[in-house]
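Every heavy atom of this structure was used, including side-chain atoms; hydrogens, water molecules and symmetry mates were not. Counting convention: from 1, in listed order, for ligands and their atoms alike.
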Amino acid sequence: MTEASPMAGRDALEKPVKGLDVARIREDFPILAREVYGKPLVYLDNAATSQKPRQVIEALVRYYEHYNANIHRAIHCLGEEATAAYEEARAKVARFINAPSPECIVFTRNTTEAINLVTYTWGRANVGPDSEVLLTHLEHHSNIIPWQRLTAEKGASLRYIGLTEQQTLDLDGLENLMDARTRILGVTHVSNALGTINPVQKLAAEAHRNGAIVLVDGAQSVPHMPVDVQAMDCDFFAFSGHKMLGPTGVGVLYARPELLEEMEPFLGGGEMIKRVTLEDATWNDVPWKFEAGTPNIADVIGLGAAIDYLNDLGMENVRVHEMEITEYALRRIRQMEEVIIYGPPDSADRGGVISFNYPDLHPHDVGTVLDRHGVAIRAGHHCNQPLMRCLGVSGTARASFYVYNTLEEVDVLVDALGQARAFFSNDTN
Ligand code: C6P
């Protein structure tokens, strides 16, 4: 174990984090004041879910205390206020990802449900026995399982773009990866397991040249960098509010308007209809055609507050901050000779995610020791079992950063990693 002392490393590597006033930001997050096992909480599990600022929590409380009502149906004042706030949140989401209009935005429960909506509706109508669905080895299970189920049901084939040695997508001969049978390419914008940022714009252009459409899983990009779905030229784009300072229970599906128009509804019930007889029904306009039943009103409004918060910070600044934290963490962890780091070497090619392992320690054991030092990371397969198989490991330890993380917290992580090494070395001696 050759770990440098955390503070020595800090002196050698310190670089002021530009872009965000992190001390001020931290004051907005009540949970960051708590301790875990008597140590200050160092929350580095942001790829799983982010913490919530007071502004988002207060938006939820304000809704429940002042204008809690069902939407789109009440003719009273509370119902009108709730409807306006819900639809305003839709408009905020649309502006945040530069969608052409709020009608392109469907609220779901999460990224997973958004992708399932696509496979159940667009997929069932457009994928047949002669079709191929193309995914990548970097996909989260959410962007694998729904396609496995669809292609099995339809007798279609499922293919994957593999990885280079640098654990980026192997796009050599990209033009040969797709052909006229390829109906859709499903690709994650940023890998939750490795942090790899994929060239989604280039992939979308190639897919369109082959007559295929593109679904981008944006669960790990929208919270962390500016996203422009029109510039990306994707057809579907899915993400979750809870990873971007918003409440759990709200996800988003962006779709090109003409696709939403031609797609059948996902779930049936109230809200998604225009006219119902005992025999049949006609559908509501998009996007409400896809939002059956009472939606998650409070949490959608909470997501709107999260977007306000991120807009105030500026997504360019968020990205700069995370790159600096990630770069610093990569340099510090690289000083620990034994630790294997996965994913692209350069912080410019990755989001704020670092996956790593001690070759002889189980990531769960490392995570448990870190937890005792107040450091929350994720350990395991990160819902990427096929990718872990490609890497030849059962799992990794993963630190993931966000707007409130500091260089000092990276030092605590590195110190705790050293403690984990020492703890298990003693254990085996
Ligand atoms: N990844 C992680 O710890 P849901 O659960 O539907 O909000 O998000 C699913 C999902 C889809 N795609 C990507 C790229 C993701 O990272 C996630 C969620 C979390 O990495 C929980 S497994």
Flag this pair as yes if the NZ/CZ of Arg26 is under 6.0 angstrom from the six-membered ring centre of Tyr404 and inside a 45 degree cone about the axis; otherwise no. no

Looking only at protein heavy atoms, what sits closest to atom 16 (O) of ligand 1 is Gln220 NE2, 2.7 Å

Is the number of heavy atoms from other residues, nucleotides or ligands within 6.0 Å of NZ (Lys39) greater than 12? yes

Answer with side chain, backbone, both or neither: which part of Ala48 has a heavy atom less than 4.0 angstrom from an atom of ligand 1? both

Whether Arg421 engages the ring of Tyr358 as a cation-pi pair (distance to the six-membered ring centre under 6.0 angstrom, angle to the ring normal within 45°) should be assessed. yes

Provide, to 0.1 Å, the distance between atom 12 (N) of ligand 1 and the closest protein heavy atom, together with that atom's residue and name. Asp217 OD2, 2.5 Å

Checking contacts here: is it the side chain or the backbone of Thr112 that comes within 4.0 Å of ligand 1, counting heavy atoms only? Could be both or neither. both

Donor-acceptor pair, Tyr43 side chain versus Asp45 backbone, under 3.5 Å? yes

So which heavy atom in the protein is nearest atom 15 (C) of ligand 1, and how far is it from that ligand atom? His140 CD2, 3.4 Å

Got an N/O contact under 3.5 Å between Thr188 and ligand 1? no

The atoms of ligand 1 lying under 4.0 Å from a heavy atom of Thr111, numbered in the order shown, are 6 (O), 8 (O), 11 (C)

Close-contact set for ligand 1 against Ser240 heavy atoms, below 4.0 Å: 4 (P), 6 (O), 7 (O), 8 (O)

Kindly indicate, with the supporting measurements, whether the criterion side-chain hydrogen bond (donor to acceptor under 3.5 Å, both in side chains) is fulfilled by Arg181 and Ser157. CA-CA 9 Å; Arg181 296 175 61 227; Ser157 47; 3.0 Å; yes

Output yes when Arg95 and Glu88 qualify as a salt bridge under the 4.0 Å nitrogen-oxygen rule, no when they do not. yes

Examine ligand 1 and decide if any of its atoms is less than 4.0 Å from a heavy atom belonging to Glu113. no

Measure up the Tyr120 and Phe266 rings against each other and bin them: parallel (under 30°), tilted (30 to 60°), perpendicular (over 60°). tilted

Given Arg378, Lys243, His382, Arg109, identify the one with the heavy atom nearest to atom 1 (N) of ligand 1. Lys243

How does Arg398 reach ligand 1, if at all, at less than 4.0 Å between non-hydrogen atoms: by side chain, backbone, both, or neither? side chain

Looking at His381 and Cys383, would you say the former's side chain and the latter's main chain have a donor-acceptor pair under 3.5 Å? yes

Ligand 1 atoms nearer than 4.0 angstrom to some heavy atom of Asn192 are 1 (N), 2 (C), 16 (O), 20 (O)

